[in-house]
Amino acid sequence: MVTEQGRWSTRIELGERSYPIHVAQGLLGETGILIRETLPGVTKSVIVTSPIINDLYGKELKESIGGVELDPGVSLVPDGEEAKSWDHASGLIGEFLDHELDRKSVVVALGGGAVGDLAGFTASIYMRGVRVVQVPTTLLAQVDSSIGGKTAVNHPKGKNLIGAFHQPALVAADPALLGSLPPREIRSGLGEIVKLGVISDHELFRQVEDRGDALLRADPGEMTEAIRRCVSIKARYVELDERDSKGVRAALNYGHTLGHALEALTSHGLRHGEAIVIGMVAASHIAEEMGLIGEPEVQRQVRLFEELGLETRIPELEASTLVEVMHRDKKAEGGSIRFVLPTGIGREPVLRPVPDERVTRVLEEMMDG
Ligand SMILES: NC(=O)c1ccc[n+]([C@@H]2O[C@H](COP(=O)([O-])OP(=O)(O)OC[C@H]3O[C@@H](n4cnc5c(N)ncnc54)[C@H](O)[C@@H]3O)[C@@H](O)[C@H]2O)c1
Ligand SMILES: [Zn+2]
């Protein structure tokens with residue numbers, strides 16, 4: 001919807017944890033005003049970001065928040081996945097104390113999913129929880145990770161093993177910030193966008209098919225439209241199943257069963273979106289074999305991924321190793337691995353156990369040589 005101030009926004013309705021998500025070009029400079037409007041009682045603030053992102057957008061955000069008399073401190077954390085550790089969460093708590101943040105303060109996460117997850121997690125435990133505002137700067141963060149309240153850091157034994165549900169108080173996504181994103185990050189984010197199209201929005205899928213070039217160029221107008229659609233979809237899933245316990249949010253895991261295994265086995269040599277694209281192709285082939293989706297709708301997805309320059313074949317790995325890793329993942333229950341299987345483009349997928357033999361066969365067909 002468009003607000004009185006002419007801004008597009010949607011709300012996630014979760015009782016006292018409800019919050020607005022704004023998506024518009026030029027929003028970065030309005031973050032201060034949005035914080036004041038949404039959280040009138042805030043006393044202090046700190047921006048958590050990485051050096052690269054701080055160089056690009058830190059100054060504008062700091063000025064915007066300073067402009068509403070909330071002169072923020074800045075805490076720098078390492079760039080990318082490295083930030084997501086217990087040690088960096090602990091270090092950040094020390095900085096929050098130095099900045100004298102209290103229970104009425106707000107943490108502003110400026111960055112991609114890595115910064116957002118670390119800042120959100122640390123905010124969830126600092127003084128038993130302070131509010132966090134997400135200012136996502138990657139496509140993946142704007143359409144996915146900044147929304148929904150999942151926060152986590154990694155443990156040496158695995159990804160996202162230390163975490164909490166902590167809904168943000170506000171999300172302000174400015175698609176203009178994506179102009180500086182490396183092309184590979186754009187493509188990876190488009191993987192998540194296509195996922196949302198397949199599981200619930202045929203129009204969105206069509207937009208990527210028809211105007212993929214503009215999206216790959218991070219055209220702000222085109223991006224704004226796609227991101228708004230994605231945010232609306234994700235918001236509705238979160239409302240239905242806030243803590244991902246009813247199986248409703250499971251649809252969002254389309255492509256993620258194999259995707260996570262690929263990420264783990266390639267030690268993050270694949271970006272998240274790249275890994276789930278391969279996962280979606282595998283799930284589609286499995287669904288086709290099970291008579292859940294027609295071949296043309298599988299090929300339509302494969303064609304789109306190829307047009308976007310996304311790999312759809314499995315890199316040099318053993319099918320048996322992948323199956324083993326998927327069994328270890330929490331989605332394997334009662335012997336068989338459960339997959340989110342598509343039933344069409346823009347149609348609700350289904351969650352089904354799939355026998356190992358079928359999974360192995362499909363994976364082997366997706367390998368080169
Ligand atoms: N909480 C959730 O619900 C959720 C959902 C999906 C993924 N995640 C997490 O998100 C993380 C991945 O996030 P990501 O893909 O955003 O990667 P990222 O946060 O690691 O950022 C990727 C790179 O892009 C750079 N960057 C960020 N914004 C930029 C900009 N505007 N211009 C130029 N460079 C920029 C960063 O410095 C970094 O090097 C993973 O840790 C994953 O577990 C969380
Ligand atoms: Zn994902």
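FYI, the numbering just counts along the sequence from 1. Note that ligands are numbered from 1 as they come in the structure, with each ligand's atoms numbered from 1 the same way.
Between the side chains of E365 and H285, no donor-acceptor pair is found at a separation under 3.5 Å. Donor-acceptor pairing under 3.5 Å is lacking for the side chains of E30 and H22. A donor-acceptor contact closer than 3.5 angstrom links the side chains of D356 and H327.
In this pair, Y126 and F96 present their aromatic rings perpendicular. The plane angle is above 60°, beyond the 30 to 60° band. In this structure, H202 and F205 have parallel ring planes: the angle between them is below the 30° cut-off, well short of the 60° mark.
Note: L140 CG to S145 OG = 5.0 Å, rounded to the nearest 0.5 Å.
Side-chain atoms of K150 do not come within 3.5 Å of backbone N or O of A164 as any donor-acceptor pair. In this structure, the side chain of R313 engages the main chain of M367 through a donor-acceptor pair within 3.5 Å.
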Exercise answer, ligand 1 polar atom pairs (N/O) under 3.5 angstrom:
residue: ligand 1; atom: 1 (N); partner: D117; partner atom: OD1; Å: 2.9
residue: ligand 1; atom: 1 (N); partner: K150; partner atom: O; Å: 2.8
residue: ligand 1; atom: 13 (O); partner: G113; partner atom: N; Å: 3.1
residue: ligand 1; atom: 15 (O); partner: R271; partner atom: NH2; Å: 3.3
residue: ligand 1; atom: 16 (O); partner: G113; partner atom: N; Å: 2.8
residue: ligand 1; atom: 16 (O); partner: T138; partner atom: OG1; Å: 2.6
residue: ligand 1; atom: 17 (O); partner: R271; partner atom: NH2; Å: 3.0
residue: ligand 1; atom: 19 (O); partner: G113; partner atom: N; Å: 3.1
residue: ligand 1; atom: 19 (O); partner: A114; partner atom: N; Å: 3.0
residue: ligand 1; atom: 28 (N); partner: T137; partner atom: O; Å: 3.4
residue: ligand 1; atom: 28 (N); partner: T137; partner atom: OG1; Å: 2.8
residue: ligand 1; atom: 31 (N); partner: T137; partner atom: O; Å: 3.0
residue: ligand 1; atom: 31 (N); partner: L177; partner atom: O; Å: 3.0
residue: ligand 1; atom: 31 (N); partner: S180; partner atom: OG; Å: 3.4
residue: ligand 1; atom: 32 (N); partner: S180; partner atom: O; Å: 3.4
residue: ligand 1; atom: 32 (N); partner: S180; partner atom: OG; Å: 2.7
residue: ligand 1; atom: 37 (O); partner: D79; partner atom: OD1; Å: 2.3
residue: ligand 1; atom: 37 (O); partner: D79; partner atom: OD2; Å: 3.2
residue: ligand 1; atom: 39 (O); partner: D79; partner atom: OD2; Å: 2.6
residue: ligand 1; atom: 41 (O); partner: E81; partner atom: OE1; Å: 2.7
residue: ligand 1; atom: 41 (O); partner: E81; partner atom: OE2; Å: 3.4
residue: ligand 1; atom: 41 (O); partner: K84; partner atom: NZ; Å: 2.8
residue: ligand 1; atom: 41 (O); partner: K159; partner atom: NZ; Å: 3.2
residue: ligand 1; atom: 43 (O); partner: K84; partner atom: NZ; Å: 3.0
residue: ligand 1; atom: 43 (O); partner: K159; partner atom: NZ; Å: 2.8

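The environment of CD in E318 is sparse: at most 12 heavy-atom neighbours from other residues, nucleotides or ligands sit within 6.0 Å.
Taking distances strictly below 2.8 Å, the protein N/O/S atoms close to the Zn ion (ligand 2) are E192 OE2, H256 NE2, H272 NE2.
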